[in-house]
Amino acid sequence: MSSVVEDVIAFCRMFSSFEREEICCGTVSPAQCVLLQTLTEGEWDISGLASHARVTKGAMTRLVDGLDNRGLVARQRAEDDARRVLISLMPDGKKEAKRLHRLTERSIATIFERIPAEERDQVVRSLHLLREAAEQTRNQLDCC
């Protein structure tokens, strides 16, 4: 099992570095990149975003503040509960999220080109299984 552990850790670290250097390219942090792409799904409140990203509400507020200062996101009070603040993408935020998504797709395509064509379907199935297993055990893995 240690070989699998080492491979998963190495891949995650390499992709994280790749994401930071090739996808975000200094325009936004990797965390802001993920946040922008999450917001393409629609409005979220800070609590929902924090839970989804598995960070504290304070950390998420700081991430949103940075994007808000750049005019990429907007805040507005929820109509049903004035205590809730909803976060949504501004037009420039939508453009940036789309640009980052295209870069992500292109980066993953470049990686997949290095995998022999006859093995790509197997890799896709394996990644899907790994993702499902991780999502199913997400709450059990909390150790902090």
Side-chain angles (χ1 to χ4, degrees), residues 1-115 120-144:
M1 190 67 156
S2 71
S3 166
V4 171
V5 171
E6 290 172 16
D7 284 344
V8 170
I9 290 170
F11 177 78
C12 290
R13 287 182 180 155
M14 277 189 266
F15 193 78
S16 178
S17 173
F18 191 73
E19 189 176 47
R20 190 173 49 254
E21 296 164 10
E22 303 295 327
I23 297 168
C24 299
C25 304
T27 61
V28 295
S29 70
Q32 288 174 327
C33 178
V34 170
L35 178 55
L36 286 171
Q37 292 185 45
T38 299
L39 288 169
T40 63
E41 300 168 13
E43 292 181 327
W44 288 69
D45 64 17
I46 293 286
S47 294
L49 284 169
S51 176
H52 182 73
R54 298 178 72 89
V55 298
T56 65
K57 286 190 254 182
M60 184 54 65
T61 298
R62 287 187 295 280
L63 279 172
V64 169
D65 286 346
L67 295 173
D68 188 20
N69 291 338
R70 295 178 57 194
L72 299 176
V73 300
R75 289 177 161 106
Q76 78 178 54
R77 297 269 177 209
E79 290 180 16
D80 62 335
D81 183 351
R83 295 170 295 177
R84 274 183 62 222
V85 177
L86 299 176
I87 312 302
S88 60
L89 290 174
M90 296 290 290
D92 284 348
K94 288 178 185 177
K95 286 181 197 170
E96 182 66 1
K98 286 179 184 177
R99 185 186 74 79
L100 293 166
H101 187 75
R102 283 192 305 275
L103 287 171
T104 301
E105 285 181 331
R106 190 168 65 213
S107 297
I108 291 170
T110 301
I111 292 169
F112 262 74
E113 288 171 2
R114 305 298 188 277
I115 298 170
R120 290 179 191 156
D121 284 344
Q122 176 186 345
V123 171
V124 170
R125 284 192 303 275
S126 296
L127 283 170
H128 183 73
L129 287 171
L130 187 61
R131 177 185 175 181
E132 281 184 341
E135 287 173 349
Q136 290 168 4
T137 59
R138 185 176 183 184
N139 292 331
Q140 297 169 4
L141 297 177
D142 288 337
C143 56
C144 298

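Quick caveat, the model's predicted, so the values are computed rather than measured.
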Which donor-acceptor pairs under 3.5 Å do side chains of residues 125-133 form with protein atoms, sequence neighbours excluded?
from, atom 1, to, atom 2, distance (Å)
Ser126, OG, Gln122, O, 3.0
His128, NE2, Glu132, OE2, 2.9
Arg131, NE, Glu135, OE2, 2.8
Arg131, NH2, Glu135, OE2, 3.4

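- Shown here are the side-chain contact (heavy atoms from CB on, under 4.5 Å) partners of Arg75, two or more places apart in sequence or in another chain: Thr61, Val64, Asp65, Asp68, Val85, Ile87.
- One finds the CG atom of Leu63 at 11.5 Å from the SG atom of Cys33 (value rounded to the nearest 0.5 Å).
- The backbone N or O of Gln37 sits less than 3.5 Å from a side-chain atom of Thr40, completing a donor-acceptor pair.
- Identified under the ring-ring contact (aromatic ring centres under 6.0 Å, His included) test for residues 31-79, with sequence neighbours left out: Trp44-His52.
- Considering every non-hydrogen atom in both Gly71 and Met90, the closest pair reads O-CB, 3.3 Å.
- A salt bridge (charged side-chain N to carboxylate O under 4.0 Å, His left out) check over residues 37-49, counting only residues at least two apart or in different chains, returns the pairs Asp45-Arg84.
- Taking NZ of Lys95 as the start and CG of Leu100 as the end, the distance is 14.0 Å to the nearest 0.5 Å.
- By the 4.5 Å heavy-atom criterion applied to side chains, Leu89 and Leu72 are not counted as neighbours.
- Here the closest heavy-atom approach between residue Arg120 and residue Ile115 is recorded as NE-O, 2.9 Å.
- The distance from the CZ atom of Phe15 to the CD1 atom of Ile111 is 5.5 Å, given to the nearest 0.5 Å.
- Remark: the backbone N or O of Gly58 is paired with a side-chain donor or acceptor of Arg62 at under 3.5 angstrom.
- Scored by the side-chain contact (heavy atoms from CB on, under 4.5 Å) test, Lys57 finds Ile46, Ser47, Ala50 as partners (sequence neighbours excluded).
- With values rounded to the nearest 0.5 angstrom, Glu96 atom CD is found 9.5 Å from Gln32 atom CD.
- Screening residues 63-91 for ring-ring contact (aromatic ring centres under 6.0 Å, His included), with sequence neighbours left out, gives no hits.
- Summarising the geometry, atom NZ belonging to Lys98 is positioned 13.0 Å from atom CG belonging to Leu36; distances are rounded to the nearest 0.5 Å.
- A salt bridge is absent between Arg102 and Glu105: the closest approach of a Lys/Arg side-chain nitrogen to an acidic carboxylate oxygen does not fall below 4.0 angstrom.
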